[in-house]
S.K.: 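Provided herewith is a single structure, encoded as structure tokens, for subsequent inquiry.
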Amino acid sequence: MNPLWLLRMAKWARNPPSSGRVKLVLAVIAFCLALYAVERWVGWPDALSPERLRVPNRVSP
């Protein structure tokens with residue numbers, strides 16, 4: 001385990017984050033999991049998929 005993580009955990013133990021910050025982080029994680037679940041079960045819409053642009057063949061004159 002990285003020693004910097006131990007220092008960060010010690011800092012959080014001394015000064016825990018506010019309840020609002022914890023709720024925000026949990027909300028972001030829940031949103032990401034929901035988005036992943038929808039993408040996994042329903043699929044990604046074709047309208048939101050970027051289309052590859054073909055590079056035209058250049059013919060020298």
Side-chain angles (χ1 to χ4, degrees):
M1 183 177 231
N2 192 349
L4 293 177
W5 283 102
L6 293 174
L7 292 174
R8 185 175 291 182
M9 284 189 283
K11 179 182 172 185
W12 283 359
R14 285 190 296 264
N15 299 318
S18 66
S19 62
R21 168 96 29 136
V22 172
K23 289 177 186 176
L24 175 68
V25 169
L26 292 177
V28 168
I29 291 172
F31 177 74
C32 291
L33 289 174
L35 186 63
Y36 175 76
V38 167
E39 191 272 329
R40 187 81 172 152
W41 289 327
V42 176
W44 191 256
D46 289 336
L48 295 178
S49 297
E51 295 183 21
R52 289 192 171 212
L53 299 176
R54 275 188 22 181
V55 177
N57 294 334
R58 297 185 186 248
V59 179
S60 49

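This chain uses plain numbering: 1 for the first residue, then up along the sequence.
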S.K.: Could you measure the distance from the CG atom of Leu24 to the OG atom of Ser19? Nearest 0.5 Å is fine.
M.R.: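 Between atom CG of Leu24 and atom OG of Ser19 there are 11.5 Å.
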
S.K.: Supply the atom-to-atom distance Trp12 CH2 to Trp5 CH2, rounded to the nearest 0.5 angstrom.
M.R.: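 The CH2 atom of Trp5 is 6.5 Å from CH2 of Trp12, to the nearest 0.5 Å.
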
S.K.: Is Leu4 isolated, or which residues cluster with it under the ILVMFWY side-chain rule of less than 4.5 Å, directly or via members?
M.R.: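 In the cluster with Leu4 are Leu7.
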
S.K.: If you group Ile, Leu, Val, Met, Phe, Trp and Tyr whenever their side-chain heavy atoms sit less than 4.5 Å apart, what else falls in with Ile29?
M.R.: Val25, Leu33

